[in-house]
Amino acid sequence: MVRGRSDGSERPLAAYRESAYMFRQFREEVETALSAALSSLDLPTDDLGVEEPPEDVPATLASSVAFRLAGVVGAPPPKIAVDIAEELSAEGYDYLAAVDTQGPYVNFHVSDAYYDDTLESAATDEAYGRLPATGDSVVVEHTSANPTGPVHVGRTRNPVIGDAVANLLDFAGNDVERHYYVNDAGRQMAVFTWAYETFDEDDLEGEPARERVEYDLVRYYRKGNAFLEAADPEEVERAEAEITEILQGIEEGDEETYARVETVVDQVLGGMRECLERLPAEFDEFVKETRFMFDGSTRDLAERLKETDHAVYEEDAWQLELDDYGFEKNLVFLRSDDTSLYTTRDLAHHEWKFDNYDRAVTVLGEDHKLQSGQLRAALDILGNDVNKLENVIYSWVNLPGGETMSTRKGTGVMLDDLLDEAIDRARDEVETRLEGRTRDDDLDESDIDRIARQVGIGAVRYDIVSKQPTKTITFEWDQALNFEAQSAPYIQYVHARCCGIADEAAAAGLDASEADPAVLTTDAERDLLATIARFPAVVETAADDLEPHTVATFARELAEVFNTFYRECPVLDADEEVGAARLALVEASRNAVANALSIVGVEAPESM
RNA sequence: GGGCGCGUAGCUCAGUCGGACAGAGCGUCGGACUUCUAAUCCGAUGGUCGCGGGUUCGAAUCCCGUCGCGCUCUCCA
């Protein structure tokens, strides 16, 4: 579509795709040029101090190196900055065009080619921002909630962050698989299985809150737990014996017991999976922990642990001393009855990951932080390269008023209800706005359904994914479902606007292939292009740090500069040359917004 | 009590591997729809960056202390 650069040269298509890395290349050029200048002045090059300047500074990158050299050189920073700028040559670079100073800062300016290539790349490449293949396979494990009942909002941070991390790593060039680790061998599932087999429909409290299997079966789980807490001690003892029998059956690999437990597990998990698909959070594999018991790997691993220097046999149980790793208490890996623990099985699980993937990322709540540290230590003791294992830890979601969420007690807001409410509110918005709508594209009933779903669910996801995972967040309806600025709909709206303009332009016969980036001269146009140029670097940093929320922030910033551009720079009513270039800018914006949204897991509507 | 995390505007949050006057949105107040979708834009208002020390040319950011909140310290998961 966009042909030729403003200097008239032609480049092959493959090279356009390479130029998806303009900001990153520019950064390298700045570092190279600055190093060279410092070297020729006999100054140290270990800390270049390259950073992004504040918004009101008209440079793309800057260096604060002059501050640090003041002591070495014995001159004031502004003087040093000038010396460096004079020594620095911007000759021979693609994107570094000029250097100047502003007080103690050395500022670096980009060439026209930087903008030209950004526009070419972003407007023509639907995958704009995607980084080159790393060759790494990465398994992202997230959610992994025990299959005890409906997914509630307290758990929602995990699939939302997890899915975004997986999307991000994928977009950063990795070969990603998404796993849900199913705890099907623990006491909770034994209790559930016993309760499911013991009680009848008549024994249960109330009707299922929703027509789906996990809402039905969770009533058995709650009934079982209530019984164990309150029933006659003799009856409780009898029940406990049955529960223990189930646990031991699993441990011994008894197929009949396994089948009984899986009857419950598979049903409940199936329902939870349907709920998660609404987000949507989908998985390549549901990995059951019983797998690592039945294949003998947990047993083998325990034997190997016993052989290590850290293993001790105390109080009839095999334990691991982890003082060297900063843990005071020992980690028991075999109970006194010789059965394995959750962590033992998880160790086998992680060695399996190491055998099959180059990297393993786990998204988990802060309540699992200690356990994950012990896991890492034990994996290290077993001789694994624990650098392959990375965690993303998130804090709890509070309800206003400090109410806690519990599947067992049946308290908390269910994710299904949250999503239904979000979609209902979004539908109200759509219908309200329909009256004042100026665009005549005749939204029909199915469009309204689609928009309500995209906007409602998008708002919930964005509200969660846009915040730093380490911070505790308070869930409030009005805030999560605010459809205005700093929300998913605000960004989605930009995408819809881009699509609308593209449609109108096509109908009017406007052609972006004639675009000449040199005619984009207003601040609004340059700001938009400069923001789009940063996108690949944003993806790179976010992926390195496993921080999808920075992509959410970028998407919002991009939407803001686009809306200013939209306000000030008409596309269809501009003269043909300017219109064509602006249309290319709209297409570039659409690609960047669509891809940023897809990373954070929010749909990009073509109309709304 | 020990370990870890968090504390930024009335509210919700960016910024946190030291750098240009601490930024948004919501709220409040005031403007802009005969103009590609007003889920928009423009302006005003609003801050002892929990508190106290320290390091530094420079600290919301690093160090020490302290207060508050959360998580955690099971032969649970």
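Every chain is numbered from 1, with letters handed out A, B, ... down the list of sequences. Only a predicted model underlies this, so the values are computations on that prediction, with no experimental measurement involved.
- Between A:His368 and B:rC76 there is no side-chain N or O to OP1 or OP2 distance below 4.0 Å.
- A donor-acceptor pair shorter than 3.5 Å can be found between the side chains of A:Glu525 and A:Thr522.
- Taking the charged nitrogens against the carboxylate oxygens, A:Asp83 and A:Lys79 do have a contact shorter than 4.0 Å, which makes a salt bridge.
- A distance of about 36 Å separates the P atoms of B:rC29 and B:rU61, rounded to the whole Å.
- In this structure, A:Ser64 reaches the bases: a heavy-atom distance under 4.0 Å links it to at least one base atom across the strands shown.
- With ring centers used as reference points, A:Tyr181 lies under 6.0 Å from A:His349.
- Across the P atoms, B:rG3 and B:rA44 are found 48 Å apart, a figure rounded to whole Å.
- Under the 4.0 Å criterion applied to side-chain N and carboxylate O atoms, A:Asp449 and A:Arg427 are assigned as salt-bridge partners.
- A:Asp338 has a carboxylate O that lies under 4.0 Å from a charged side-chain N of A:Arg299, or vice versa, which qualifies the two as a salt bridge.
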Review point. So what is the 5' to 3' dot-bracket string for RNA chain B, if pairs are Watson-Crick or G-U wobble with both distances under 3.5 Å, crossing pairs use [ ] and | means the partner sits on another strand?
Key: (((((((..((((.....[...))))((((((.......))))))....(((((..]....))))))))))))....
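- Checked for salt-bridge contact, A:Arg439 and A:Glu504 meet the test: a charged N lies under 4.0 Å from a carboxylate O.
- Looking at A:Glu240 and A:Arg187, a side-chain N of the basic residue comes within less than 4.0 Å of a carboxylate O on the acidic one, giving a salt bridge.
- For A:Leu572, the side-chain atoms get nearest to B:rC36 when compared with the rest of B:rA77, B:rC26, B:rC36.
- Nearest nucleotide to the A:Ile501 side chain, out of B:rC26, B:rC36, B:rC4: B:rC36.
- On the C1' atoms, B:rU16 is 7 Å away from B:rA60, given to the nearest whole Å.
- At the heavy-atom level, A:Ser336 lies under 4.0 Å from base atoms of the strands shown.
- Residue contacts shown for A:Asn107 include a base, since a base heavy atom lies under 4.0 Å away.
- The residues A:Glu421 and A:Arg425 are annotated as salt-bridged, a charged nitrogen and a carboxylate oxygen being separated by less than 4.0 angstrom.
- With B:rC26, B:rA20, B:rC36 as the candidates, the nucleotide lying closest to the side chain of A:Ala62 is B:rA20.
- A:Arg345 comes within 4.0 angstrom of sugar-phosphate atoms only, judged by non-hydrogen atoms across all strands, and of no base.
- Distances from the side chain of A:Glu51 to the nucleotides B:rA39, B:rC76, B:rA20 place B:rA20 closest.
- For B:rU72 and B:rA77, the P atoms lie 16 Å apart once the distance is rounded to whole Å.
- For the pair A:Glu314 and A:Pro53, nearest-nucleotide mapping onto RNA chain B gives the more 5' position to A:Pro53.
- For the C1' atoms, the distance linking B:rC51 with B:rG46 amounts to 23 Å, nearest Å.
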Output one line per pair: protein atom, nucleotide atom from nucleotides 40-44 of chain B, and distance, for all N/O pairs under 3.5 Å.
from: B:rU40; atom 1: OP1; to: A:Ala485; atom 2: N; distance (Å): 3.4
from: B:rU40; atom 1: O3'; to: A:Asn563; atom 2: ND2; distance (Å): 3.3
from: B:rU40; atom 1: O2'; to: A:Arg497; atom 2: NH1; distance (Å): 3.3
from: B:rC41; atom 1: OP1; to: A:Tyr490; atom 2: OH; distance (Å): 2.5
from: B:rC42; atom 1: OP1; to: A:Thr564; atom 2: OG1; distance (Å): 3.4

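- Within the 4.0 angstrom heavy-atom criterion, no nucleotide atom of any strand lies near A:Val586.
- Within the nucleic acid shown, A:Asp573 comes within 4.0 Å of sugar-phosphate atoms alone, with no base atom in reach, counting heavy atoms only.
- Within 4.0 Å (heavy atoms only), A:Cys569 reaches at least one base atom of the nucleic acid.
- When each of B:rC75, B:rC6, B:rU16 is scored by its nearest atom to the side-chain atoms of A:Gln468, the top-ranked nucleotide is B:rU16.
- Nucleotide B:rC33 carries a syn base; the chi torsion (O4'-C1'-N9-C4 or O4'-C1'-N1-C2) is within 90° of 0.
- Among the protein residues, A:Val430 comes within range of the nucleic acid bases, having at least one heavy atom under 4.0 Å from a base atom.
- Minimum heavy-atom separation, A:Leu583 to A:Leu510: CD2-O, 3.7 Å.
- Base contact: A:Ala496 has a heavy atom under 4.0 Å from a base atom.
- Not one side-chain nitrogen or oxygen of A:Gln371 sits closer than 4.0 Å to the OP1 or OP2 atom of B:rC73.
- Between the P atoms of B:rC26 and B:rC67, the separation comes to 39 Å (whole Å).
- Applying the 4.0 Å criterion to OP1 and OP2 of B:rA14, one finds that A:Lys471 has a side-chain N or O inside that range.
- B:rC21 and B:rU8 have their P atoms separated by 24 Å, given to the nearest Å.
- Among the heavy atoms of the strands, none lies under 4.0 Å from A:Ala70.
- A:Ile451 comes within contact range of at least one nucleobase, with a heavy-atom separation under 4.0 Å.
- Using a 4.0 Å cut-off between charged side-chain N and carboxylate O, A:Lys306 and A:Glu303 make a salt bridge.
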Exercise for review: Please step through side chain to side chain donor-acceptor pair (under 3.5 Å) for the pair A:Gln188 and A:Tyr221, ending with a clear verdict.
Suggested key: CA-CA 9 Å; A:Gln188 285 190 62; A:Tyr221 182 63; 3.0 Å; yes
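- As rounded to the nearest Å, B:rA9 and B:rC13 have P atoms that lie 11 Å from one another.
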Between the protein and nucleotides 54-61 of chain B, list the N/O to N/O atom pairs that are separated by less than 3.5 angstrom.
none

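- With respect to the salt-bridge test (charged N to carboxylate O, under 4.0 angstrom), the residues A:Glu606 and A:Arg450 do not qualify.
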